[in-house]
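See below for the structure under consideration.
Counting convention: from 1, in listed order, for ligands and their atoms alike.
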Amino acid sequence: MRKPLVEIKNLKKYYPIKKGLLKRTVNHVKAVDGLDFSIYKGETLGLVGESGCGKSTTGRTILQLLKPTDGEVLYEGQNLVRMPGRELRKLRKDLQMVFQDPYASLDPRLTVGQIIAEPMEIHRLYSGKEKDKRVEELLEVVGLNSYHAKRFPHEFSGGQRQRIGIARALALEPKLIVADEPVSALDVSIQSQVINLLQDLQGKFGLTYLFIAHDLSVVKHISDRVGVMYLGRLVELADKDNLYAEPLHPYTKALLSAVPIPDPLAKRERIVLQGDVPSPANPPAGCAFHPRCSECMEICRKQRPAWKEINGHYVACHLYN
Ligand code: ADP
Ligand code: MG
């Protein structure tokens, strides 16, 4: 039996929309609107969906960088959402994040060595020579050199900066890493190097990843399972092979049809997604995807589809009722 490292139950994050002089709350952006899934020990769970679907908010609420509006996040059985601050701070070192933009996420005034050492200082884990040695080790682990510790972030390329961000995330020997579009800002030629690095590190340190991306091609290589998100909810979740070979949800099919196929003779129906993601402040009634769905039925406009298991997939779609 696979063991969950993290269990997410009915997770919600609403951002208030305030108006007027009195800043009254007039509505909410339902960025995450009821997620239920687990992340198993040692796996990579890919999370995909168009921009604005709530992926970053999901990652941040799981790590408690944002306080959820509702729901539970059980980390090794302990509910992080209700945990007192002091206990949560102790667990923080287990839960790390790698950010999308390696330019914005590294403090330009600090040397690379200081950047990587910072979490160790905050958690008082290493000091003096031991800390310097640890920084050197981490630089080598991510494919950089120990002498890079004295340099500043601007002296590095995008791919190298993301390696620095990864070294910093590894400094406290974490268990879970949420990687939020870690390669989206990088050249395509560099993307696979960083993905391969993350995969090597996973094997070496027994890490568990939630790997966020906006398209299905990026997560294909690294994921064990893939979840597809639309307007704050999961629409499909399945083992990677199942999901890519036999997608069930029309949204997954549409995302997949945008992924290039290496074999020129292989055919795939091309589905073009019409329009943009609607506002999560006023999501469509029924199935939130219905206005863009090529297979929309009467019931889809009225009733929200249940989250059900079919052929090893979890899917929320009236086509499978
Ligand atoms: P993704 O990472 O999938 O692009 P996000 O989680 O960043 O999506 O955002 C989901 C929705 O929440 C978007 O509509 C976004 O505009 C909104 N949102 C994100 N952060 C805030 C915030 N701090 N205040 C208000 N709305 C926000
Ligand atoms: Mg995002």
Side-chain angles (χ1 to χ4, degrees), residues 6 8 10-20 23-37 39 44-71 73 81 95-105 158 162 165-166 169 176-186 191 194-195 198 209-219 222-223 226-237 249 251-252 254-256 258-259 273 275-285 288-289 291-292 316:
V6 188
I8 289 133
N10 191 33
L11 187 69
K12 294 184 182 173
K13 178 67 187 179
Y14 294 178
Y15 298 107
I17 304 173
K18 297 184 193 252
K19 282 241 169 78
K23 296 271 170 239
R24 276 190 313 145
T25 300
V26 292
N27 199 355
H28 288 92
V29 175
K30 296 175 178 173
V32 172
D33 199 17
L35 293 179
D36 287 279
F37 65 97
I39 309 173
T44 297
L45 177 63
L47 187 64
V48 302
E50 287 161 288
S51 187
C53 281
K55 306 179 299 296
S56 296
T57 305
T58 301
R60 284 165 191 259
T61 44
I62 290 172
L63 297 187
Q64 308 301 306
L65 300 174
L66 285 171
K67 210 70 205 142
T69 306
D70 197 6
V73 177
V81 179
L95 313 166
Q96 297 293 320
M97 184 134 183
V98 173
F99 296 92
Q100 168 170 3
D101 188 347
Y103 295 83
S105 59
Q162 197 51 294
I166 292 167
L176 173 73
I177 292 184
V178 173
D180 188 358
E181 305 212 27
V183 301
S184 298
L186 305 177
Q191 289 187 353
V194 173
I195 290 175
L198 285 167
Y209 290 146
L210 178 65
F211 191 110
I212 297 172
H214 58 252
D215 74 77
L216 275 163
S217 61
V218 169
V219 294
I222 194 169
S223 300
V226 175
V228 179
M229 238 183 130
Y230 192 76
L231 274 190
R233 296 168 179 266
L234 281 169
V235 296
E236 185 162 2
L237 175 67
H249 200 284
Y251 184 56
T252 312
L255 289 181
L256 209 55
V259 174
L273 271 175
D276 290 325
V277 181
S279 161
N282 294 300
F289 185 59
R292 301 171 80 196

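Gln191 places a side-chain N or O within 3.5 Å of a backbone atom of Val183 that can act as its donor or acceptor partner.
Against a heavy-atom cut-off of under 4.0 Å, Ser51 is close to the following atoms of ligand 1: 4 (O). Close approach to Pro280 involves these atoms of ligand 1, each under 4.0 Å from a residue heavy atom: 14 (O). Those atoms of ligand 1 with a heavy atom of Val29 less than 4.0 angstrom away are 12 (O), 17 (C).
Considering Leu256, Ile212, Val218, Leu216 as possible partners of Val48, the one that fulfils the side chain to side chain contact (heavy atoms under 4.5 Å, CB included) test is Leu216.
At a cut-off of 2.8 Å, Ser56 coordinates the Mg ion (ligand 2) through an N, O or S atom.
Among protein heavy atoms, the minimum distance from atom 12 (O) of ligand 1 is reached at Ala31 CB, 3.4 Å. With hydrogens left out, the protein atom closest to atom 7 (O) of ligand 1 is Ser56 CB, 3.8 Å, a heavy atom. With hydrogens left out, the protein atom closest to atom 4 (O) of ligand 1 is Gly52 N, 2.7 Å, a heavy atom. Shortest contact from atom 5 (P) of ligand 1 to any protein heavy atom: Thr57 OG1, 3.6 Å. Shortest contact from atom 23 (N) of ligand 1 to any protein heavy atom: Tyr15 CE2, 3.6 Å.
Taking the six-membered ring for Trp and thresholds of 30 and 60 degrees, His28 and Tyr14 have ring planes inclined between 30 and 60 degrees apart.
At least one side-chain heavy atom of Tyr209 sits under 4.5 Å from a side-chain heavy atom of Ile177. For the pair Pro280/Asp33, no side-chain contact is recorded, criterion being any heavy-atom separation below 4.5 Å from C-beta on. Tyr251 has its side chain within reach of Leu273: a pair of non-hydrogen atoms, C-beta onward, lies under 4.5 Å apart.
Proximity of atom 16 (O) of ligand 1 to the protein is not indicated, since no non-hydrogen protein atom lies closer than 4.0 angstrom.
No more than 12 heavy atoms of other residues, nucleotides or ligands lie within 6.0 Å of NZ in Lys19, so this atom counts as exposed by the packing criterion.
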Output, in order, the C-alpha distance, side-chain angles, deciding distance and verdict of side chain to side chain contact (heavy atoms under 4.5 Å, CB included) for Tyr230 and Leu255. CA-CA 11 Å; Tyr230 192 76; Leu255 289 181; over 6 Å; no
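The shortest heavy-atom distance from Gly54 to ligand 1 is under 4.0 Å.
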